[in-house]
Structures are given as C-alpha cells and as structure tokens.
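Worksheet for the structure shown next.
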Number of protein chains: 2
Amino acid sequence: MIRAVPSRRNSIADDLRRQITAGHLKPGERLPSEAKLAAHYTVSTPTLRNALALLQGEGLVEKIHGSGNFVRHPRRRTTYTGGRPSAWTTPPAPLRSTVHARHLRAHSPLTTLLNVAPGTPLTEVLCITHEDRSPHSLSRIYIPRDLAPPKLPALADMATHLTELPSPLAEVRETARSRLPTHEEATTLRISASLAVLSITRVAIDTTGRVVEAALLVYPGDRADALFITNYPPEERPPSP
Amino acid sequence: MIRAVPSRRNSIADDLRRQITAGHLKPGERLPSEAKLAAHYTVSTPTLRNALALLQGEGLVEKIHGSGNFVRHPRRRTTYTGGRPSAWTTPPAPLRSTVHARHLRAHSPLTTLLNVAPGTPLTEVLCITHEDRSPHSLSRIYIPRDLAPPKLPALADMATHLTELPSPLAEVRETARSRLPTHEEATTLRISASLAVLSITRVAIDTTGRVVEAALLVYPGDRADALFITNYPPEERPPSP
DNA sequence: GAGTGGTCTAGACCACCAC
DNA sequence: TGGTGGTCTAGACCACTCC
C-alpha cells in the first residue's frame, strides 16, 4: 500500500519542479536565496532546504556554497556500452575528456583487481569527461606499465594501443553497482551527495589470462545508463538448466 | 581538493558505524531511542537524526516508525548475472522467491519495451526474493500471453518455458541504471529512501526479432552487483575503431 | 563586507506501534 | 496509553563566494 505523503517539503519541491520543467526557471538561472524562498512559502529555512535536497537528489538543482542554488542544465543522457576496453571507446559526441596520467605501483585493491603482486608498476589514467564546462563522468584506468606507452599518454593515444597487445583480448568482465557517491566523487563531479551513481568495474583479460586493463568508472545516475548486449549465435546457444 | 568535514553528525555516524561493524551492536538489535542517543552525544534530535540518515543510506540501519532504529542483518551480497532470461535464472542459494502472476494488456511504457501494439495481452510475473523474511529484490517480468503457460504459473514453472519458444533466442539487451528508489519500491523492499538501487531493464529477443520477454529488475545497492561477461572468441574479435 | 549556504539548537506537535 | 519516530519552527553562529 502506498501512503500519500503530503508534507510541506514535498509540495514545495513539487512546485519548484513544475516551474523548472515548465521552463519558468531556466537552466543556469539562480533560484532566489533560501531565506527568500522560505519567506515566500512561509516555512522555516530547514524545511525549505529539505525541499531543495529532494531536487538535488533528482539532479534538477545544483547548490553552490556561498553563491546560491542553480537550475541544472538538463543533461544529455548518455549510454555506456559494455564489453569494450577503453582503447575502443571514445566519449559520445558533445562530451570532451580531460586526461591525466601518472605512474604508480600496485597496492591493496588494485592487486586483486589486476591479479598482480604488490608493487607491480602500473600506469593510471584519470579521465574526466565534460559536457560544456560541467563534469559528466569519472574514470580511473589501470594498465600494467609494460603494456602502456613509455611516455604518459593522452587517452587518444591509448586508442591504438590495446590492439597491439602481445596476446589478443579474450574477455571483458564488468561489474555494475549502484551506490551514493563518495565525498570526493561528489565534489569532482559537482553532484549532490544524494544523487546515486552507477559504478562499473571493468577488467579486460587477454588469451593468456593476463589482466591487461582494469577500469573504475563512475557515472552520475541522472545522466548515464549502461547497455550490455549478449548475442546467442545459433551454434552456441546455451542449454536450459 | 578534498575538504575534511568534521561535522557533529559525521562523528556520531562514525562512532555508531564502528560499534556496528565491531559487533558491539548486533544485527536485529534496537538502538537506544533517538532522544536517548541525542542526550548521550549531547546534540539536538535533528542532528542525531542526520547521523542516523547517513547510516540508513549505507544500509547499516533500518528505521521503523513508532518502534525504533535497528541494526540491519548484514546482507549477503548477491551477483546478478547478465545475458540470461528469467527462465534460465534461479535465485542464489539462501534466497526464496514470492511470485504473483496476473494478466494485463500492454500500455504505455510496456508497448515500446516489448514492441507490441497497445492492448496486446501480456502476462505479468511479479517476483520478490527474500532472505529469511526480509525482502531482497524486486522483479516485474512481462511475457506476450501466447508465450506464457495458459495457467498463471509459478516462476519455477516458467523455467522450462522459454526454451520451448517458436523461434530460438537470439539476443538479450540489458540496460543498467542507478537511481534512488520510488516510494513504492522503498516500502516493498523495506529500504531507506536514500539507499540507491540498481535498476536493470532486460529484453530478450528471438531470431525473428520478436521480444519474448521484458523484465524490470530492482536491486538495493547494498546487496547486489550485476556481472556482465563479454567473450571474444578468436574468429570474431572486433577491430579497433 | 554583504550575501549566500552549512550546521546546529531546543523545543513543539503529529503519526505510528505495541501493550 | 506511552514511547517511538516524522515533521516543522525560529532562531543562532560559522564558512564560503564575490565584490
């Protein structure tokens, strides 16, 4: 049974949401200050802030400390396509990537992910995609250093790289999880701490069983889906259990 | 730059979290009332409730209106495996399913999902898996009625069914999304409204291009991952772009 | 420095649950 | 009916941003 919840904060959120979706409040526009909104709706500031928190969780409003609440630009919803290592991936049309690479040595979570000994040299590529100037997604990609180009590369340079592996690619395993962002992720992606993210851990394995790439991908839930396609060619259709 | 956030609610949440993970507070146990906890930490009730809200979002604490805050039983983390229609799926060992089936006719979101005309007869199977007595996941499965058993079946009966399709299965497409639960989902799954869920939309297509099954799956983020495996057999290794 | 949001207080009153 | 959580008020004081 669904209980109707006619709380003050819900009706305020509904009203603001209607104004945003109807276009009376335009993307990028600043809302009146919380004090003014509270006065307008004749509620206390905590109640008004609760209403705004709902809209932040939906990705409709962005709060910037010290300057105000802003209507978010509606995000293009992009689709992450499963089954491909980074080298075969380019960000969809309107997005641009910022890439930073660095050297490091494998430690605790990475050792199990890449199945390497602690201290193994790795190359990390940190990649943030942007739509206009606002962040869209966050990727951390780890490659055994002997497979990475000797100079820390731009991601574009990597595109040609994974195809030159000593052994060909055999398998890609992806684990998708839904969770709230860490404090760090929320600030880099400039999203509310209550906006859920899709976290994908991807591992690419070559025919020798070696992990040639591991990737930790984070997509804010309001702007990305992940698509996975499984084909059953006639000769290898699995039996029923 | 990451800013340290040493707020009162964070330190309280940290303290309670430590007590839970260390086992001083045991699963199923009721926490002291919010008033008592507030007195113990010498904070106001809203502040204490904020601390509890953090733990709810992590799935560590379950709040039951009128009776108290309880330490959740730690959930077994299950793994949803992609690429399979319902008929090939059985819930992992400790879980049991409650199944309800009903007839209905296709309407707005289902018509596009199943690619059928409005009013097409469908069979809906609503499936809730449980671990002990607490809900674990929620599935809604839609099948064209001529492919479903004439009597509304238990899901177990369906297992043999999809293998008897007029045309063999050709493709499974799965879209994964991260979001907060709807009010309805939060109450049926007995989770906090701030615990993110993994929502998977799965469509199975046979060799004639017909959609033989569509499924809407909801997994609370604290207790399920989804795993997708893509194999590249030697003869069909895709080229680099 | 003026204006904004971030956090917190110390209550009030209502809704739900178990006895 | 008594205890619990749910919602809300009307402030206070601090931290951040921008001029």
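Basis for what follows: all heavy atoms, side chains included, without hydrogens, waters or symmetry-related copies. In what follows, every chain begins at residue 1, and chains take the letters A, B, ... in the order their sequences are listed. This structure is a prediction, so every number in the text was calculated from the model and none was measured.
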- Message: Donor-acceptor check, side chain of B:Arg77 to backbone of B:Asp222, threshold 3.5 angstrom: yes or no?
- Response: yes
- Taking only the side-chain heavy atoms of B:His65 (C-beta and beyond), determine which of C:dG11, D:dT9, C:dA15 contains the nearest atom. C:dA15
- Report the base-pairing partner of D:dT4 (Watson-Crick or G-U wobble, both distances below 3.5 angstrom), or none. C:dA15
- Message: Please find the pair of heavy atoms, one from B:His136 and one from B:Leu189, that lie closest to each other, and give the distance.
- Response: C-CD2, 4.1 Å
- Task: Write down the distance between CD (B:Glu62) and P (D:dT4), rounded to a whole number of angstrom.
- Result: 18 Å
- Note on the structure: Here the pair of heavy atoms bringing B:Ser178 nearest to A:Val197 is OG-O, 2.8 Å
- Grab the CG-C1' distance between A:Asn50 and D:dT9 for me, whole Å please. 12 Å
- In whole angstroms, the gap separating C1' of C:dT7 from CG of A:Leu52 amounts to 16 Å
- Task: Select one nucleotide: of D:dT7, C:dT7, C:dG5, the one nearest the side-chain heavy atoms of B:Ser7.
- Result: C:dT7
- Within less than 4.0 Å of OP1 or OP2 of D:dT9, is there a side-chain N or O belonging to A:Thr47? yes
- Message: How many whole angstroms separate atom CG of A:Leu55 from atom P of C:dG5?
- Response: 14 Å
- A:Lys63 with A:Glu34: basic N within carboxylate O range, under 4.0 Å: yes
- Query: B:Phe70 has an atom CZ; how far is it from atom C1' of C:dC16, in whole Å?
  - Reply: 13 Å
- Message: Among C:dC8, C:dA10, D:dT7, which nucleotide has an atom closest to any side-chain atom of B:Arg49?
- Response: D:dT7
- Task: Identify the heavy atoms of B:Ala51 and B:Arg9 that sit nearest to each other, and give their distance.
- Result: CB-O, 3.4 Å
- Message: Nearest whole Å is fine: how far is C:dG3 P from A:Leu31 CG?
- Response: 19 Å
- Item | Distance test, side-chain N/O of A:Ser44 to OP1/OP2 of D:dT9, below 4.0 Å | yes
- Atom NZ of B:Lys36 to atom P of D:dG5: distance rounded to whole Å? 9 Å
- Check the distance between C:dC16's P and B:Glu34's CD and give it to me in whole angstrom. 16 Å
- Query: Do any side-chain nitrogens or oxygens of B:Lys63 fall under 4.0 Å of OP1 or OP2 in D:dT4?
  - Reply: no
- Quick one: on DNA chain D, does A:Pro46 or A:Ser67 contact a more 5' nucleotide (nearest heavy atom)? A:Pro46
- Contact class for B:Arg9 (heavy atom, under 4.0 Å): base, sugar-phosphate, or nothing? sugar-phosphate
- Query: Is the phosphate of C:dT4, meaning OP1 or OP2, less than 4.0 Å from a side-chain N or O of A:Asn69?
  - Reply: no
- Query: Start at the 5' end of DNA chain D and walk down; is the nucleotide closest to B:Ile64 or to A:Leu48 reached first?
  - Reply: B:Ile64
